[in-house]
Amino acid sequence: MKTDLFFYTGTGNSLWTARMLATELGDAETVPISRTSGAPIVSGAEAIGIIFPVHIWGLPRRVIAFVDALENNPSRYHFAVAVNAGQVAATLIQLKKRMEAGGLSLSTGFELAMPSNYIPWGGPGPQEAQNRRFEAARNKIGRIAAAAAAREKRPVEKGPLWQNIIFTGFNRIAFSRVPTMDKSFWVDEKCDGCGICKAVCPSGNIDLPGEKPAWLHHCEQCLACIQWCPQEAIQFGKKTPRYKRYHHPEVTLKEILAVTPTR
Ligand code: SF4
Ligand code: SF4
């Protein structure tokens, strides 16, 4: 019973989740959404998992484009995992509605809390708290795999009502502004022109004129560029010089480069 696990990742949380799920499920393949193109996106698997990070309490633009392009196969089982920093809000409801609008069904969806990579609002938190989240995530991934293997159908998980109302409202306001939020990125004197920021960007949003990055205003706010810069030379606004960088500790730069679109 083959499962394709489509994942979208910037700093490795969703890549790691997809990899863990594949191990638990057995007959499963991980497929980076960033390397899918065209429409329809076809899969020969009997089940599809969609694993993605929650961006500003909603779906990343690239994930929306992916589900809109996914081939409609009514007999296939679909489930989703929304990786978040503790506030999934109504993201999985948004996904379910989007898929249903395209004739696809979402049988169930799970939220999975991981350390935050959204450095404009702070670092990932103390190591002990991160470790607790990793451990809880490992346990939950086991339960998600069991539910997916049993083809369970149940309501998607969601945050409390206040979160769904307030944060979904914020998401609606912010969504159109996300592509130009990269105006707050800047680079300090530590930049050595290595080009890693450009290479890890899943949306091709970075150029390197004069060997310093320039952001092109079709940003996804995945934070891969700032988190993977080996010199910690990229900043966002005024506060990030003092915030700790984060990527999933079991995901390497090489693995991220292997799932980023080649240009
Ligand atoms: S990854 Fe960092 S050091 Fe390398 S070019 Fe980009 S900003 Fe400069
Ligand atoms: S510019 Fe940075 S934050 Fe924006 S999509 Fe690219 S890697 Fe992600």
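None of the values given here were measured: they were computed from a predicted structure. Indexing begins at 1, ligand by ligand and atom by atom, following the structure's order.
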| task | With heavy atoms of Cys222 as the reference, note each atom of ligand 2 found under 4.0 Å away. | result | 3 (S), 5 (S), 7 (S), 8 (Fe)

| field | Proximal ligand 2 atoms for Asn205, defined as those under 4.0 Å from one of its heavy atoms | value | 1 (S), 4 (Fe)

| ring pair (Phe, Tyr, Trp, His ring centres under 6.0 Å) partners of Tyr8, counting only residues at least two apart | none

| request: Within a distance under 4.0 Å of any heavy atom of Trp215, pick out the atoms of ligand 2 and give their elements. | output: 1 (S)

| Short check: any N/O/S atom of Cys194 below 2.8 Å from atom 2 (Fe) of ligand 1? | no

| query | Relative to the heavy atoms of Cys225, which atoms of ligand 2 are at a distance of less than 4.0 Å? | reply | 1 (S), 2 (Fe), 3 (S), 7 (S)

| query | Quick one: nearest non-hydrogen protein atom to atom 3 (S) of ligand 2, plus distance? | reply | Leu223 N, 3.2 Å

| query | Relative to the heavy atoms of Ser203, which atoms of ligand 2 are at a distance of less than 4.0 Å? | reply | 5 (S)

| query | For ligand 1, which part of Pro213 has a heavy atom less than 4.0 Å away: the side chain, the backbone, both, or neither? | reply | side chain

| atom 6 (Fe) of ligand 2: the protein heavy-atom neighbour that sits closest, reported with distance to 0.1 Å | Cys201 SG, 2.3 Å

| field | Near-ring test Phe52/Phe7, centroid separation under 6.0 angstrom | value | no

| message | Determine whether a donor-acceptor pair (N or O, by modelled atom type, separation under 3.5 Å) exists between the side chain of Thr36 and the backbone of Pro32. | response | no

